[in-house]
2 protein chains.
Amino acid sequence: MAVSPPRPKGPPLNALRAFEAAARLGGFSRAAEELGVTPGAITQHIKTLEDWVGAPLFERRSQGVRLTLEGARLRPAFTTAFDKMGAAVHALKELSRTPRVHIAALPSVAQLWLSSRLPRLRAEHPQCQFSVTALEQPPNLLREVFDWSVFFERPESDSKGIVLEHDEIFPVCAPHLAPSIKTAHDLTPHTLLVDDTWSEDWDIWAKEAGWARPTGVKTARFSLYALALEEARNGAGILIGHASLIRPDLEAGRLVAPLPMQAATGLALMLRTTPQFQAMADSFVTFE
Amino acid sequence: MAVSPPRPKGPPLNALRAFEAAARLGGFSRAAEELGVTPGAITQHIKTLEDWVGAPLFERRSQGVRLTLEGARLRPAFTTAFDKMGAAVHALKELSRTPRVHIAALPSVAQLWLSSRLPRLRAEHPQCQFSVTALEQPPNLLREVFDWSVFFERPESDSKGIVLEHDEIFPVCAPHLAPSIKTAHDLTPHTLLVDDTWSEDWDIWAKEAGWARPTGVKTARFSLYALALEEARNGAGILIGHASLIRPDLEAGRLVAPLPMQAATGLALMLRTTPQFQAMADSFVTFE
DNA sequence: TTCTTAGGGTGAGTTTTTCTCAACCAATTT
DNA sequence: AAATTGGTTGAGAAAAACTCACCCTAAGAA
């Protein structure tokens, strides 16, 4: 018969993925981040889907979006579907000839923590090819193509991540600045080095140390922790140090901690992996 | 930190869908048909995926493709993932305000069988909006956006489809031609009307009737069964009639069956639905 | 109040992806 | 040898997806 076949198509898969991410993460911006696109792209995907369905999936409110009742009802089905898809994609990736391990980490963690440990990992698994991607937010290992992730995260009981070290912060500086700093108040005349993504660190520590930070204190902001760290080594000011990241500098005497007070951020440096790589991660951690 | 976020993307979802369809249906052309695209598009999707994976998923052979071992191992995971996705999409469709029933049928079935029954269906379900799409091949109801399908299919035991009527075929013609046809051999001087998609019908019937169709018999081919039927009504030749489709013409006397021999094609007119519409279909069938 | 911030929405324009089309093969089958 | 089946190819076209720059709203801060 060979009639023209205008097979009606289902909704675009990418729009479904955007919906699932936005619904799960509770916001378009977060979905955008997970999917590596701009929020505008998510807006458009959701609109496409709502038009296709003929019903709103999200309620737009000024401070964000809320799932409608129907949207909420639908979410679990899509979440499990995409979880299955993610698992299948991971299996697909396994086919590749040389085994590959793709690690996602915070830029600072990648540079200051991971880089010194990667050689050992390579030595232990010479047949593996390791690659590292710096990310602002921890990836969803079920969905994305990463095998390991190393991030500062709240060590919730729900997850099977490995706590590498609880996050402790305290001021550090170049050795020659240390003698002038006996109490928290001695920090005031110095420049405080601040990392953009960890801008609350000083507040956390100040509260713990009982230091009412005066408003006039000079600060210098950096977009990468490693940059701030470099400045601290050069004596440009006081950095709030994360114990796990600056240990080599303390041990080598490049930095010193002039004040004894440490504060816990409530986060921990956590290693997570997909199930396939659990064993490799476990053996890695036992050496730590 | 705001580092440029080149989040590595997974394989394109559409390529995965093409892979799943091709693997399940055992061929690129069939996958192309199910997805409503050309075979070339499937070729390209599969290539994209094979490049992404770095390993072949299909073995190319002259008469088609075969899944590689790895491809075969991967298929079930993708099939279940897309089944779940399909179910979720069906649920999504339910949100639409007015309930809609989308029926897929063979063009001939849509025109000759369904059209006379649709008014009753609309009357029974006045709140529903019915739409019909003509398709050459039965759709996969788990994946595509159809709710009902009516096709001639082999009534396998595996499926939950409803057998509406077993397919019986026999020659029919305009009343004025009938008197000249007493035995199968009297068909020889006439033009045989043939539908392109059912070109074997005459062979099936001839074999059953013990008629060795001479090679010189004139035939006229039509791309739609309804066209061939119209010609038969006009006395242009002999059509091989499908009982379920030409019954109204026989009852109205527009066509007659000059010969008593009927042949079974082994197919049946089958109604399938998604689970949500099972009840509606059952009640429809009890009226038949 | 007026500012500021957080989160979205928009539409134009661009980039990427996907698709079609029209050959072209290579192994069967007739 | 010719037709058939099923896949492949590359160019060009169409559709989808994305970015960018800017707008909007509500809520909290000053």
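Proteins come first, then strands; the chains are lettered A, B, ... in the order of their sequence lines, and each starts at number 1.
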Inset, instruction - Shoot me the first and last contacting nucleotide of DNA chain C against chain B, ordered 5' to 3', at under 4.0 angstrom to non-hydrogen atoms. - result: C:dT18 to C:dA27
Inset, instruction - Using atom CZ of B:R66 as one end and atom P of D:dG7 as the other, report the distance to the nearest whole Å. - result: 10 Å
Inset, instruction - For B:D51, check salt bridge (charged side-chain N to carboxylate O under 4.0 Å, His left out) against everything at least two apart and list the hits. - result: none
Inset, instruction - Produce a footprint string for nucleotides 11-30 of chain D: one letter per nucleotide, 5' end first; B if the base is under 4.0 Å from any protein heavy atom, S if only the sugar-phosphate is, - if neither. - result: ------SBB------SS---
Inset, instruction - Give A:S29 one of three labels, base, sugar-phosphate or nothing, depending on what nucleic acid heavy atoms sit under 4.0 Å from its own. - result: sugar-phosphate
Inset, instruction - Please list, chain by chain and in numerical order, all residues satisfying ring-ring contact (aromatic ring centres under 6.0 Å, His included) with B:H102, sequence neighbours excluded. - result: B:F146
Residues 40-47 of chain A side chain polar contacts: donor-acceptor under 3.5 Å, at least two apart:
unit_1: A:T43; atom_1: OG1; unit_2: A:P39; atom_2: O; d: 3.3
unit_1: A:Q44; atom_1: NE2; unit_2: A:G40; atom_2: O; d: 3.3

Legend entry - Results of ring-ring contact (aromatic ring centres under 6.0 Å, His included) for B:H242 - residues two or more places apart only: B:F152, B:W198, B:Y225
Inset, instruction - Go through the structure and list residues passing salt bridge (charged side-chain N to carboxylate O under 4.0 Å, His left out) with B:R100, not counting sequence neighbours. - result: none
Inset, instruction - Under the salt bridge (Lys or Arg N to Asp or Glu O under 4.0 Å) rule, what do B:R60 and B:E50 come out as? Steps first, then yes or no, please. - result: CA-CA 13 Å; B:R60 271 68 170 183; B:E50 290 179 325; 2.9 Å; yes
Legend entry - Spacing of B:E59 atom CD relative to D:dG6 atom P, expressed in whole Å: 17 Å
Legend entry - Which residues share a side chain to side chain donor-acceptor pair (under 3.5 Å) with A:T265, sequence neighbours left out: A:D167
Inset, instruction - Would you please name every residue forming a salt bridge (charged side-chain N to carboxylate O under 4.0 Å, His left out) with B:K84, sequence neighbours left out? - result: none
